[in-house]
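One structure is given here, and the rest of the page talks about it.
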Amino acid sequence: VLWVSPAELASGGFSSYSLNADQGGLNVAAGTTVTLQQQNLVLPSRYQSLPDQSTLIGAATRAVLPDQLRRPVNLTLTQNEPLTANYGQSSVLTVTDTTPSLVVGQGALIQADPLANISLASNVRVLVDGTLRAPGGSISIGLGSNLVENTYSATQGIWLGSQGVLDVSGTAQIYLNSTEQRSGSVLSGGTVNLTASRGYIELLPGSLIDVAGTSGIIDVTKVGGGAV
């Protein structure tokens, strides 16, 4: 079993993370909060006076940039069970109700920055009873396999549980500029894709897929200066 702390996904400068499980299940434990947030190296205010160096380490500090400057971090979670039998030219996957799955537990939260992409994929089943959030971004959940299955399994599917939330609703990215005027943009709602090439898709009562838009107020400079 490999355990990955949520802090590992918010402690570096990477723009994407990909976690793959090929020998068992992949679980985001119930109640866990995963914050996908990039860190960057920030130069000191008088960096021009620094001597030539081969690395920024030591000269720059690591920090989380303001929202309007920070790039989103993408996350991919993939869980694939290996073949369970091989009959000549055919590799066969057998799925039962005890076969390990990809699970986002109850009350778990995967929080990404605006315009991020969150992707979940499995060849067995995907169960989401927590929250995936990427404002104005995209969330995709896929179920499928190239392996032959020896029988239909009623436990193979994509489930959005009663507390499951897929949230790509729009957000207003508006900030005060150097003249104290509101500037920025408003992101429309993003996209959610659920694809089950095996099994089925079930959304339980209480679950939510949110692709709503939003609004915001900015200051528009008129001819001759001043805000409208």
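- The backbone N or O of P100 sits less than 3.5 Å from a side-chain atom of Q79, completing a donor-acceptor pair.
- A donor-acceptor pair under 3.5 Å links the side-chain atoms of N177 to the main chain of T179, judged by distance alone.
- Rounded to the nearest 0.5 Å, atoms CG (L166) and CG (L208) are 8.0 Å apart.
- Remark: the backbone N or O of L143 is not paired with any side-chain donor or acceptor of T195 at under 3.5 angstrom.
- Checked by atom type and distance alone, the side chain of Q181 never pairs as donor or acceptor with a backbone atom of V220 at under 3.5 Å.
- Transitive grouping of hydrophobic side chains (ILVMFWY, heavy atoms separated by less than 4.5 Å) brings L120 and I209 into a common cluster.
- Nearest heavy atoms, V124 versus Q156: O-CG, 2.8 Å.
- In terms of heavy-atom proximity, R133 sits nearest to D167 at NE-OD2, 2.9 Å.
- Rounding to the nearest 0.5 Å places CG of N80 at 10.5 Å from CD of Q23.
- Between the CG atom of N74 and the CD1 atom of I118 there is a distance of 8.5 Å, given to the nearest 0.5 Å.
- Under a hydrophobic clustering in which Ile, Leu, Val, Met, Phe, Trp and Tyr are joined whenever their side-chain heavy atoms come within less than 4.5 Å, directly or via other members, I201 and L160 fall into the same cluster.
- A heavy-atom distance below 4.5 Å is found between the side chains of I110 and L36.
- Side chain of Y200 to main chain of W159: no donor-acceptor pair is present (N/O by atom type, distance under 3.5 Å, no hydrogens or angles).
- Side-chain atoms of R70 never come within 3.5 Å of backbone atoms of V64 as a donor-acceptor pair (strictly under, hydrogens ignored).
- Expressed to the nearest 0.5 Å, how far CG of L132 lies from CG of D210 amounts to 12.5 Å.
- When the side chains of ILVMFWY residues are joined at heavy-atom separations under 4.5 Å, either directly or via intervening members, V165 and V103 end up in two distinct hydrophobic clusters.
- Atoms CG and CG, from L26 and N20 in turn, are 8.0 Å apart once rounded to the nearest 0.5 Å.
- Considering all non-hydrogen atoms of both residues, G216 and V186 come closest at N-CG2, 3.8 Å.
- A donor-acceptor contact closer than 3.5 angstrom links the side chains of S140 and S119.
- Remark: of the listed residues L127, V128, T32, V126, V128 is the sole one forming a side-chain contact (heavy atoms from CB on, under 4.5 Å) with V104.
- Around atom CD1 of I217, no more than 12 heavy atoms belonging to other residues, nucleotides or ligands sit under 6.0 Å away.
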Q. Do T33 and Q111 pass the side chain to side chain contact (heavy atoms under 4.5 Å, CB included) test, and can you show the C-alpha distance, the side-chain angles, and the key distance before you say yes or no?
A. CA-CA 8 Å; T33 296; Q111 175 71 57; 5.6 Å; no

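- Residues N123 and V95 share a closest heavy-atom pair of O-CG2, 4.4 Å.
- Two residues are said to be in side-chain contact when any heavy atoms from C-beta on lie closer than 4.5 Å; N40 and L69 fail this criterion.
- Evaluation of the salt bridge (charged side-chain N to carboxylate O under 4.0 Å, His left out) rule for R71 yields no partner, not counting sequence neighbours.
- Under the 4.5 Å side-chain heavy-atom criterion for ILVMFWY residues, no single connected hydrophobic cluster contains both V168 and L109.
- For the residue pair F14 and Q38, the shortest heavy atom distance occurs at O-NE2, 3.3 Å.
- When all heavy atoms are compared, the tightest approach of I218 to G184 is CG2-N, 4.2 Å.
- If you chain together hydrophobic residues whose side chains sit under 4.5 Å apart, Y17 and I141 fall into the same group.
- The closest side-chain heavy-atom distance from Q173 to L187 is below 4.5 Å.
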**Q.** From CA spacing to verdict: side chain to side chain contact (heavy atoms under 4.5 Å, CB included), L176, R182
**A.** CA-CA 5 Å; L176 294 178; R182 292 166 294 187; 3.8 Å; yes

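- Atoms CG and OG, on D129 and S207 in that order, are 9.5 Å from each other to the nearest 0.5 Å.
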